[in-house]
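Below you'll find the structure, written out as structure tokens, and then a few comments.
Treat the numbers as computed from the prediction; the structure is a model and nothing was measured. Every chain is numbered from 1 and lettered A, B, ... according to where its sequence line falls, protein lines coming before strand lines.
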Amino acid sequence: MQKPIRVWFEKTGAAIYISHLDLNRCMARAVRRAKLPIWYTEGFHPHPYLTFPLPLSLGVHGLREAMDLRLVEDMPLEEVKERLNRCLPQGLLVTGVTVPAEKAKEIAFADYELTMEAMGADTAALVREALEKDALPVEKKTKSGVKEVDICPHLQRLSVEKQGERCLVKVTLPCGSSLSINPSLLAQAVTMACGQPVKIVRTVRLRFCNTQMQLFA
Amino acid sequence: MNPVLESILMEVQKPGRYTGGELNSVVKDKNAVDVRFAFCFPDVYEVGMSHLGMKILYGLYNAQDNIWCERVFAPWTDMEEKMRQNGVLLYGLESGDPIRDFDFIGFTLQYELSFTNVLNMLDLAGLPVLAAERQGLTPIVVAGGPCACNPEPLAEFVDLFILGEGEEVNLELTELYRDYKKKGGSKKDFLKAAAQIPGVYVPSLYEVRYQPDGTIEAVTPKEGAPEKVTKRIVKDLDKAYYPDTFVVPFLDIVHDRAMTEVFRGCIRGCRFCQAGFLYRPVREKSPDTVCKESRALCESTGYDEISLTSLSTSDYTGLPELLDDLLDYTEQEMVSLSLPSLRVDNFSPALMEKISRVRKTGLTFAPEAGTQRLRDAINKNVSEEEILRTCNTAFDGGYMAVKLYFMIGLPTETMEDIEGIAKLGQQIVNLYYRNPNKPKGKSVAVNISLSSFVPKPFTPFQWEPQDTMEVLRQKQQHLRDSLTTRKVQCKWHESMTSFLEAVFARGDRRLCKVMKLAWEKGCKFDGWDDQFLFDKWMEAFRECGIDPAFYANRRRSLEEVLPWDHLDFGVDKAFLIREWKKAQESTVTPHCRDHCSGCGANRLIGGACFAKADSGVV
Ligand code: SF4
């Protein structure tokens, strides 16, 4: 038998500095230690087969990340969760295990919380001022070179909350295979619009959503 | 995490080097321990985390309730810059606390070219680099590892050195320290008392006098310190501490796998090899212990590869038995097994068969020299016929690449020996094409890796001069000219780093000021080609009025007092002299299991090394 399962996990604390490649290896080791009955690749050097529907960049906190595995023996999903949690380093925590309802390619959006800071300025005011503009051009690196893109139409479910000199921006950004906007572009857009350097000091990816902007399951 | 640190981590390469929090890293309550130990590896994380000795001592210390040992590595230059800019002091990865406040700061000295990093790390910790300027009891700066066999070039920076294997002496030392801490003793008194522990060398308690020609006249102990400090060893490896778990890094490190040590020491006695003499005598672990330890490590780490380590794993008497047991486990658990440091001569087809069940990567051999005469002189007991036979077996088994390690600049070497390297390469190529079982239509690659010989303390070549950089370059060129086929590729290392290595390997205390000056001029990470500043080093030598050739390129007389003569690693000087003479005559010495040559190291275990071997000279 091969039963696909989806492991939901958090990546926080020191674990945010684990790159995607390293996360893959780290999870494979946890799966081994947990002695999960999962499918291993064939060949001379078999290793646990795991895939990540949407990789997370280094330095970003993830609160509802996903990893797909295939069980080769039945095991209660709750037990998969418990076994994995016993074997994961701090900062990685499994919050649930489900049977995947959607395919990875359904992922189209992600919700973020960005803490932004402009040295010595009221960041919230700056960000609000920038968002008033009709267009927010940024330089986006693509395969065919640097391209100018207006990110304005892609900012959805946006809110700006003042937090002292810093501000907290909540936003939904496209992250599908056809279009993807990296949250760092928002800092670049605000910087360009206001002529004052604004940076993101903390990026949290809360969850990802399907093409209908509903929670990916 | 400290917010300043957090803000710089995103601005450096591989922040995972600096965060800690890896699986199996040990976090304790700092108020519940009475000794905090910063275990420092003076190189980057990926290199240091690959080192077995550190894993053993980390586990050992942390197995004690009242000690908390943390790991510290040399921050790469980008991180160092950020730390200095933001006033972040060098910290322990487990707690994030500055190591300046720890009880011990311990360095492991694996290679001479990491010495400047020791200074740099002390400085990054916010401490004076000179031991004399650190007056309080804490932190005590200690160092061990193979380069502690001649610690003189670091004598002014380190408070005390630990000679030999650390499993027992380290705990004795922390025990003593605890008393002094409790009663508020001074650093001076503590060091005096520490010098009485066997295996502990306190350089400030020895006075060195020089002759007009620059050689050493005498080294005299003061304040009751012993005339000779003898290294420590663990007698029974089956009873010794071995970690049942390793810290599992997030980053891809150099050796990212479980490692089980199968024995210490080496029976071979290759005359250029310092490790072969330093770690004598041979002590094996039983296959049962190795098997148990390997399994425990895999279970607790999730590693899918185990490596059986030693200086020469095919000399392990329990290898066939061990492989039978272990392969059953590894195959079932889908763990792969690797056997580094295999030798050519006892590489039987049966062993080959077992290894091929393990993994088919390239084959590596270390003939070290190109002719039989020179191989005899260095006591590398490998014949051309054996090398060719093994290569043939390997080609039968489907191998297409062979890597060969050679050294140039060996004592008694001539240009004929250099040509011999090229000839051997060519013979292996020919052998491949004559082999009927070779993979169809595929070409062979013979890769030659060339290093420059560095004479080391406690070897029969400790009196030998190193070839000058110019001669080494001529030899490299000659080898290049002697190669007649593209199927043999040759790579070598810059001779400048080997030169500096030779200076420090056999240096004395007068080099401390050169080292400090070179470090002040920006030298660090000298083992990294892209960081190595040869001109700065030469500047430092010049400004200190010290000629590096005096240490590297001078033939020393057998009567000369050597900077490490007051240290005893078990091997008698008389034995080394006998071996040196045999080298001049290209005469070989049988290996220890065949015949004991009376090196003296068996005194450390209080009996013969091998039940079967002749007692020889004692
Ligand atoms: S005492 Fe004899 S057997 Fe033991 S290490 Fe020395 S030479 Fe080898």
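- Side chain of B/R257 to main chain of B/D304: no donor-acceptor pair is present (N/O by atom type, distance under 3.5 Å, no hydrogens or angles).
- For A/L58, the parts lying near chain B are the backbone and the side chain together; criterion is any non-hydrogen pair under 4.5 Å.
- Taking 4.0 Å as the cut-off between side-chain N and carboxylate O, B/R295 and B/E299 do not count as a salt-bridged pair.
- Ring centroids of B/W68 and B/Y61 are separated by 6.0 Å or more, keeping the two rings apart.
- Ionic pairing of B/E22 and B/R71 is present here: one or more N-O contacts between side-chain nitrogen and carboxylate oxygen are shorter than 4.0 angstrom.
- Across B/V335, B/T19, B/D252, the residue that shares the most heavy-atom pairs under 4.5 angstrom with chain A is B/D252.
- With a 4.5 Å cut-off on non-hydrogen atoms, B/T301 touches chain A through its backbone but not through its side chain.
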